[in-house]
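So that the names make sense, note that chain A is the first sequence line, chain B the second, and so on, each numbered from 1.
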Protein chains: 2
Amino acid sequence: MTNGGRKKATIYDLSVLSGSSPSTVSAVLNGTWRKRRIRESTAELIRSLAETHQYTANRQARGLRSSRSGLVGLLLPVHDNRYFSSLAQTFEAHVRSKGQCPIVVSASRDPEEERRTAETLISYSIDELFICGATDPDGVHEVCEAAGLKHINIDLPGTKVPSVISDNFEGGRILTEAIIRHFPADRPLAPEDLYLFGGRDDHATRERIRGFRAAKKELLGGDPDECVWPTGYAADNARKAFDAFYEQRGKLPRGFFVNSSINLEGLLRFMAEHPLENFKDLVVGCYDYDPFASFLPFPVIMIRQDVEGMIARAFEVIEGPRASVQIHLVKPRLVPPRTALTGPLDALIDSDMPR
Amino acid sequence: MTNGGRKKATIYDLSVLSGSSPSTVSAVLNGTWRKRRIRESTAELIRSLAETHQYTANRQARGLRSSRSGLVGLLLPVHDNRYFSSLAQTFEAHVRSKGQCPIVVSASRDPEEERRTAETLISYSIDELFICGATDPDGVHEVCEAAGLKHINIDLPGTKVPSVISDNFEGGRILTEAIIRHFPADRPLAPEDLYLFGGRDDHATRERIRGFRAAKKELLGGDPDECVWPTGYAADNARKAFDAFYEQRGKLPRGFFVNSSINLEGLLRFMAEHPLENFKDLVVGCYDYDPFASFLPFPVIMIRQDVEGMIARAFEVIEGPRASVQIHLVKPRLVPPRTALTGPLDALIDSDMPR
DNA sequence: AGTCATTGCACCATCGATTGTGCAAAAAAA
DNA sequence: TTTTTTTGCACAATCGATGGTGCAATGACT
């Protein structure tokens, strides 16, 4: 170890060692040295000193001076969910490929927490913020705007900056249609056999419900109002809804549309207390894809949102010039039961294994 | 908006507005003002100015001066997996409760990337680093050590600082035992019917394999060497292993132990191409818990690592004085088939729903 | 040899907050 | 009233990197 094991080397240390000024060292190490007409040999010397002393720039200092940090933030509702975690995974890869540092934080769908978290990130001078699934995107916008921070909405739209979201209407429609068509012609679904559980009063849920209703009306010719049960994005609330339904009718609906895999976990909690027989003749549609859920012991039709597409689009838009406040719809994909799709992890190689 | 909408207010702005010096403003706003004997009324004035001008401290500046940032890092192998995402979720809650800002980053199980990422985090002067599931914990240690950064290992142990990990031997043992016992006495498992797939050459896998062998030897009286197939932590490699096995024998083993839910996804990929009949008389054990996987159409016995316990323990240890280099084992829990456990998300309330 | 352009770098202010030190004014003690 | 103590704050250095500006030394050219 060239270093006693303690304090990090600074440009001042290298300046002394190399006999050059700090500004010269700085220029060499941040790449602007040609512009400053530093001699190649000087640069070489400094570079080698930096190498042997394991110099790395203090980014707080750099960020303070340049009011940029190299950090790009992703504000998430929660981590512990395959949809959001695959967003995080994909986001990281994109940010890394631009040579910046991703920083992913969750705010629990709490508008207050969202704003506070954005404030915090801003206080670290992050360069851009991707606001994903925020309960109050425009609230977060306010604080970004006040700080002059570039930002964009994902998953749930705001009205102040561009948004990249799933085509939830279309997704809801095709999912509903797929549920309906999954029943055999000789035992077709009645309008009152098909329910929607989950979601809250947000743009995504509203659009999905619109798609749900449109498909029901078109294919089943009816759409009783009581067929929509919002439960919030919480597994246990969904479980309670299933319990209540079961309590009332002695069975579950033959088909239902579950809004988000978080709510589908509520179905698992229900299942745990009921014999598998109760789930014969059941078809579930879930808006969100989870590979394990796709193989449950009854047909589960899922919607996989195009995470890669959304992230890629969001980067295009945020990078692009003067983006107009517009909602960019990204088509989601219908996933038939028993389907194992690849995900962002498949792009990684296992450095421990041959090939 | 009191602010034109652009640059953030600084202590210098407030200093001018209040007629006090920047240092007074600073002291008032960071809480050290009593120590500096600032008059209550002065403090009050400054606080109200800060309020109306929406002052927030520039943490890069603060961090530069104090060489602390208020950031606490979690280095993860990947995001897109329920085990790691629940770790992230739990970690965030802990860090938040200490008034700091969590920053979660993944490094893809690549030793190079791990060190680079640690370097990057260090360059932002993070205050502590939790190194989770690192392929080369001691490598990361080196860079932390050189920067004088407090750190600790989770999930996979290193030899230079304390580690908090699952009791993988015991977990592997009880999981194996549960698989064996799940078969009825009249059609018991033979030693060559029970395989282990997945994992790589890391501490966790080795320990689990040790537990696997121990249980087999004890309960089945045998343990052929070819019953262990490491595949790395990649779904597709696991699928290939299943394919290969199936190719050779025309069936899957009656029972198997899958190391990590990532590899269990490989089983899904295999399943997608085979009729469900092939999975009769099959019992799977998986080291890791995923709620959906627990309800697959054949018995899946899972191990849930005690994420909350590990994180809590890790914070205790890292906060504690002069922790000795020691491995702290946290007992994991056996989860029978068809079990829906609650997770970190259940601690959140849905602000959009009543109650 | 004298003028001018180019090269190669040093100097210094700056980003925003923190903190040790110093000192005038007010209050208390003598 | 004078001396001492306390109060309340201002000053200035500092953290590490950046980038505008200035200037000596060298080379090119007449």
Side-chain angles (χ1 to χ4, degrees), chain A residues 6-46 50 53-70 119-120 122-125 127 147-148, chain B residues 6-46 50 53-71 119-120 122-127 147-148:
Chain A
R6 224 34 349 161
K7 298 302 292 168
K8 308 220 58 169
T10 71
I11 53 171
Y12 298 96
D13 301 331
L14 298 184
S15 140
V16 171
L17 292 167
S18 69
S20 316
S21 75
S23 60
T24 297
V25 175
S26 170
V28 167
L29 296 173
N30 70 25
T32 60
W33 59 283
R34 303 213 88 98
K35 206 166 55 193
R36 281 177 166 275
R37 301 182 315 227
I38 307 292
R39 206 186 308 158
E40 176 69 48
S41 64
T42 309
E44 192 47 57
L45 168 63
I46 291 174
H53 289 79
Q54 308 197 64
Y55 170 85
T56 49
N58 179 323
R59 309 225 192 183
Q60 304 220 53
R62 171 185 296 172
L64 175 57
R65 184 62 232 262
S66 58
S67 66
R68 310 189 75 257
S69 65
E119 284 285 10
T120 303
I122 287 169
S123 73
Y124 290 109
S125 306
D127 298 336
Chain B
R6 228 26 356 155
K7 299 302 292 168
K8 308 222 58 171
T10 71
I11 53 170
Y12 297 95
D13 301 331
L14 298 183
S15 140
V16 171
L17 290 167
S18 68
S20 316
S21 75
S23 59
T24 299
V25 175
S26 170
V28 167
L29 297 174
N30 70 25
T32 60
W33 58 284
R34 303 212 87 98
K35 203 167 55 194
R36 283 176 165 274
R37 301 184 313 228
I38 308 293
R39 204 186 310 161
E40 175 69 48
S41 66
T42 308
E44 193 45 58
L45 168 63
I46 290 174
H53 292 270
Q54 310 196 61
Y55 170 85
T56 49
N58 180 323
R59 310 224 191 182
Q60 304 220 50
R62 169 184 298 172
L64 175 57
R65 184 59 231 261
S66 57
S67 66
R68 309 189 77 256
S69 65
L71 296 170
E119 284 284 10
T120 303
I122 287 169
S123 72
Y124 290 109
S125 307
I126 60 171
D127 299 336

Just the rounded figure in Å: distance from [atom2] of [N] to [atom1] of [X].
{"X": "B/Arg68", "N": "C/dT18", "atom1": "CZ", "atom2": "C1'", "value": "14 Å"}
{"X": "A/Leu64", "N": "C/dA13", "atom1": "CG", "atom2": "P", "value": "17 Å"}
{"X": "B/Ile11", "N": "C/dT19", "atom1": "CD1", "atom2": "P", "value": "12 Å"}
{"X": "A/Trp33", "N": "D/dG20", "atom1": "CH2", "atom2": "P", "value": "19 Å"}
{"X": "B/Ile122", "N": "D/dG16", "atom1": "CD1", "atom2": "P", "value": "15 Å"}
{"X": "B/Gln60", "N": "C/dT18", "atom1": "CD", "atom2": "C1'", "value": "16 Å"}
{"X": "B/Lys8", "N": "C/dG16", "atom1": "NZ", "atom2": "P", "value": "12 Å"}
{"X": "A/Leu45", "N": "C/dC9", "atom1": "CG", "atom2": "P", "value": "10 Å"}

Does a nitrogen or oxygen in the side chain of [X] sit under 4.0 Å from OP1 or OP2 of [N]?
{"X": "A/Tyr55", "N": "D/dA17", "value": "yes"}
{"X": "A/Asn30", "N": "D/dA17", "value": "no"}
{"X": "B/Arg65", "N": "D/dT14", "value": "no"}
{"X": "B/Ser26", "N": "C/dT18", "value": "yes"}

Report summary line: So the salt bridge (Lys or Arg N to Asp or Glu O under 4.0 Å) pairs with at least one residue in residues 53-62 of chain A (sequence neighbours excluded) are none

Query raised in the report: Applying salt bridge (Lys or Arg N to Asp or Glu O under 4.0 Å), which residue pairs with at least one partner in residues 18-46 of chain A are found, sequence neighbours left out?
Result: A/Arg34-A/Glu40, A/Glu40-A/Arg47, A/Glu44-A/Arg47

Report summary line: Under a 4.0 Å heavy-atom criterion, the protein footprint on nucleotides 4-9 of chain D, written with B, S and -, is ---BBB

[X] and [Y]: which non-hydrogen atoms are nearest, and at how many Å?
{"X": "A/Val25", "Y": "A/Ser18", "value": "CG2-OG, 4.1 Å"}
{"X": "A/Val28", "Y": "A/Ala43", "value": "CG1-O, 3.7 Å"}
{"X": "A/Arg68", "Y": "B/Gln60", "value": "O-NE2, 4.1 Å"}

**Report entry** Trace of the side chain to side chain contact (heavy atoms under 4.5 Å, CB included) decision for A/Val16 with A/Tyr12
**Finding:** CA-CA 6 Å; A/Val16 171; A/Tyr12 298 96; 5.8 Å; no

Query raised in the report: Rounded to the nearest 0.5 Å, how far does CG of B/Leu17 lie from NE2 of B/His53?
Result: 5.0 Å

Query raised in the report: Any idea which of D/dA10, D/dG19, C/dG16 is nearest the B/Ser23 side chain?
Result: D/dA10

